Amino acid sequence: MPVSVSSARVGRGALSQNQKQTMKTQERTRQKSGRTYDPAIVKMRNIGIVAHVDAGKTTLTERVLFYTGAIHQVGDVNAGNTTTDFDPIEQRKGITINAAAISCTWIRTPEPGSAPDLPYQISIIDTPGHVDFTAEVERTMRVLDGVIAVFSGVDGVQPQSERVWRQAERYGVPRLAFINKMDRTGADFDAALQDLREKLQANAAAILLPLGSEDGLRGQLDVLNQRAILFDEPDGSRYRYAPVPAEEQARVEAARQDLVDRLIDLDEDLAEVYLLDGTLTADQLRQAIRRQTLARAFVPVAAGSAFKNLGVQPLLDAVVDYLPSPLDVTPAPGRHPETEESIAVRSAPDAPLRALVFKIASDEYSRRRAFVRVYSGRLVSGDVVLNATTGKTLRLSRLVKLQADQERRIDSAEAGEIVALVGAKGVVTGHTLCALDSPVLLEPPTFPDPVISMAIEPKTREDRERLGFALQQLAEEDPTFQVTVNPETGQTLIAGMGELHLAVLRERMSENYRVETTAGEPRIAYRETATQAARGEEKYVHQRGGPGMYGHVVLELRPAERGTGVVIQDRTIGGSIPRHFIGACQKGIHEALANGVLAGYPIVDVAIDIVDGSIHEQDSTERAFAIAASRALKDAMGRAGAVLLEPIMRVECITPPEHQGDLVGDLTRRRGQVLNMRARGLTSIIESLVPLVRMSGYATVIRTLSKGRAEFSMEPSHFEEVPAALAAKVVGSHS
């Protein structure tokens, strides 16, 4: 007989007397046993929702908040009234720009005949899907314990999906996949699952299959329990369990066998039970899925439609079943600020305070908030803590819990929590806050270099006076936004991850800081490198009365593999350059690297050896050796066949087949290299590599060529040598 289930929507103070009594009993047991961790941490989940743009992240977040009782009315992305996209710019553009944090409470759906579980505290960060705002994903991924990766059932794995997947892999974050939009025309769960396995090399298997598809989507098929989950109410608030329809029985059995086969290959405990009994219970499978998901060896996959309110509650059950608590994750990497000794920071309330500042944000009133993940100990309002990055102390004046654009003042935050400090001075992204007597530096997030820049000018004298402050604030908030001043022209240059990124920042200057600007054409962030080995030498002698300056440096330079950066080594023999001057030489080399020899762009992908030199007993100084090393590097680059490198973008176009030829022809004219063309459902997908310099204004062009029916996405791929004719123009414009 079908069993009806109502969404477990709970808020603060909504616990039953039985649940409160259970929590008290657990606390007494903990105190009696002497355990040092707080059992509340076991019921904590810090998760991010990540995906390619328009895969449905924000819509899914909105449904999660509704079914958990955090909000009481569902917003819509197109209407611009969703909870996490609260910024006016986000609402106008219909995309997520800023990562937004919000908390909710979920009680796992009880199995028929069993008592309700205790509530889980879930902290969610909804992240941008556009590559221009990848810094938001990068710093968020650094502090998350688990991720829901959302994929479109129509489009499968898209370029930004791959990028966020690699980011999660780099930070060791366990993942749960949700194939969304199964109600759309052309949705194909099997094709999307195969995409995960092939493109992302994910050991993925279904735990919740879609029941029906497109207009016929009506629920899910629970692979572990071999039952159907039917959603009868339009708002999805009630659903029921029912037997698997006869026509779906073979599909569910095949999916369950695939799940079992993949798990027994990974999990020795499960394999032993399977060999002895020949069968496995749902609970045994659930435990094995959790073990292997936490080990990042397996990815459970669920399907549904957030927009149609189908499948969100079972997904929440999967979050608490399979994604980690702060106690389950690998200890955060850290080091002692003085001894450089490695320190593994585990989540424990009774350990010294260790917390990482992962984001800085300001609101329209210029109130500064520092987003903090507490890894161990307690963050207490009014306490004085050490900023281990700067070596300075900081008093915590105000501590808040964030609910998107709302905040609730709190007295303290425990290990595992994500909170914000209001008005914290002297802290920026990547800083570590810790106990005064227990210094440690947590590993900060890493960020990509900007790929595009433009010159901006204030419109009025009043704008000029406010411009510096606005740029400083924006640069503090966004590590991928850089500001420089051209020393020759005095122009202010801003650099970021794309045209949309810079356009949004200019809008923020206008709305938040009342600074209007005009912008020049976007400038490409070229690089310079060497094509052959060369030797450079400079003897710097300066004498003008009194003590002189003397520095003599000989270095050798050779090309390095593309993407390796710069490696500088001291290979001097016999003390030709004393050790205390080597640091000055390296400083001078870095100064020269920042301003190349062809057109003033940074020099990359070279290996530099300091091989010889000489000193003067009275006149040698650090500044003299820095100048000599800088000029020696430029001398070597002048002999090393210096060339310009340009950023190449990976571009994916999704178009109706009838427009494929026009788009391919246009990409070829842009010096694009078409890598692959494939059909997916009713669309064609074109994958190509195109120089960034040729992608300016492409959004308008693709709409024109396809009559508004095609779309594209792009992300940085690598750097390549600029064709000689274009290089001559770039160098000529710099002269």
Side-chain angles (χ1 to χ4, degrees), residues 23 26-27 29-31 33-48 101-105 118-125 139-146 171-174 294 319-320 323-336 342-359 370-389 394 396 399-402 408-421 424 427 430-445:
M23 294 184 75
Q26 287 186 345
E27 177 63 15
T29 303
R30 181 190 70 81
Q31 293 174 353
S33 65
R35 288 187 300 169
T36 57
Y37 67 85
D38 186 338
I41 297 182
V42 179
K43 299 289 186 180
M44 190 182 294
R45 299 290 184 270
N46 292 316
I47 65 169
I102 193 165
S103 297
C104 57
T105 307
L118 291 173
Y120 287 79
Q121 187 69 30
I122 303 177
S123 294
I124 300 172
I125 300 183
R139 55 183 164 199
T140 299
M141 205 71 77
R142 170 64 183 81
V143 299
L144 293 175
D145 297 332
Y171 288 110
V173 184
L294 297 188
V319 166
V320 301
L323 293 183
S325 76
L327 293 175
D328 297 317
V329 297
T330 304
R335 58 183 174 84
H336 194 282
S342 295
I343 300 173
V345 179
R346 298 180 180 274
S347 287
D350 58 345
L353 169 67
R354 277 84 182 262
L356 180 69
V357 178
F358 67 94
K359 177 178 176 176
F371 289 61
V372 177
R373 162 67 191 265
V374 183
Y375 280 94
S376 67
R378 298 177 74 228
L379 202 62
V380 180
S381 181
D383 277 5
V384 176
V385 300
L386 174 68
N387 183 336
T389 310
L394 170 72
L396 307 176
L399 200 60
V400 299
K401 192 79 170 178
L402 293 170
R408 175 174 55 85
R409 189 161 188 169
I410 57 177
D411 295 325
S412 64
E414 307 291 336
E417 290 193 81
I418 294 174
V419 295
L421 303 174
V427 296
H431 281 190
T432 300
L433 305 180
C434 57
L436 296 174
D437 58 352
S438 184
V440 67
L441 285 172
L442 291 166
E443 182 180 298

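Here the structure is a predicted model, which means the values were calculated and not measured.
Note that CG of Leu356 is 10.5 Å distant from CG of Leu441, once rounded to the nearest 0.5 Å. The distance from the CD1 atom of Ile124 to the CD1 atom of Ile102 is 7.5 Å, given to the nearest 0.5 Å. A distance of 5.5 Å separates CG of Asn387 from CG of Leu433, quoted to the nearest 0.5 Å. Once rounded to the nearest 0.5 Å, the distance linking OG1 of Thr389 with CG of Leu442 reads 8.5 Å. To the nearest 0.5 Å, atom CG of residue Asp328 and atom CD1 of residue Ile41 are 11.0 Å apart. Ser123 OG to Lys401 NZ: the interatomic distance, rounded to the nearest 0.5 Å, is 4.5 Å.
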Given the rule in the side chain to side chain contact (heavy atoms under 4.5 Å, CB included) test, do Arg335 and Thr432 qualify, once you have shown the distances and angles that lead to the verdict?
CA-CA 11 Å; Arg335 58 183 174 84; Thr432 300; over 6 Å; no
As a quick check of understanding, evaluate side chain to side chain contact (heavy atoms under 4.5 Å, CB included) for Arg45 and Asp145, giving each step before the final call.
CA-CA 7 Å; Arg45 299 290 184 270; Asp145 297 332; over 6 Å; no
Test Asn46 against Val143 for side chain to side chain contact (heavy atoms under 4.5 Å, CB included), laying out the working first.
CA-CA 8 Å; Asn46 292 316; Val143 299; over 6 Å; no
Just do the side chain to side chain contact (heavy atoms under 4.5 Å, CB included) check on Ile125 and Ile418 with the steps written out, would you?
CA-CA 10 Å; Ile125 300 183; Ile418 294 174; 4.2 Å; yes
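Put simply, the side chain of Pro119 does not reach to within 4.5 Å of the side chain of Gln121, judged on heavy atoms. Two residues are said to be in side-chain contact when any heavy atoms from C-beta on lie closer than 4.5 Å; Phe358 and Arg142 fail this criterion. Between Tyr120 and Ser325, the closest side-chain pair of non-hydrogen atoms is not below 4.5 Å. Using a 4.5 Å cut-off on side-chain heavy atoms (C-beta onward), Leu379 and Leu421 make contact.
Considering all non-hydrogen atoms of both residues, Val385 and Cys434 come closest at CB-O, 3.6 Å. Scanning all heavy atoms of the two residues, the minimum distance from Arg354 to Ser438 falls at NH2-OG, 2.8 Å. The minimum heavy-atom distance between Val374 and Ala413, with the atom names listed, is CG2-CB, 4.1 Å. Nearest heavy atom pair, residue Asp437 against residue Pro439, reads C-CD, 3.6 Å. Between Val42 and Leu327 the shortest heavy-atom distance is CG2-CD1, 3.8 Å. The two atoms that bring Val380 and Leu396 nearest to each other are O-CD1, 3.5 Å, heavy atoms only.
For the pair Arg373 and Tyr375, the cation-pi test (distance below 6.0 Å, angle within 45°) is passed.
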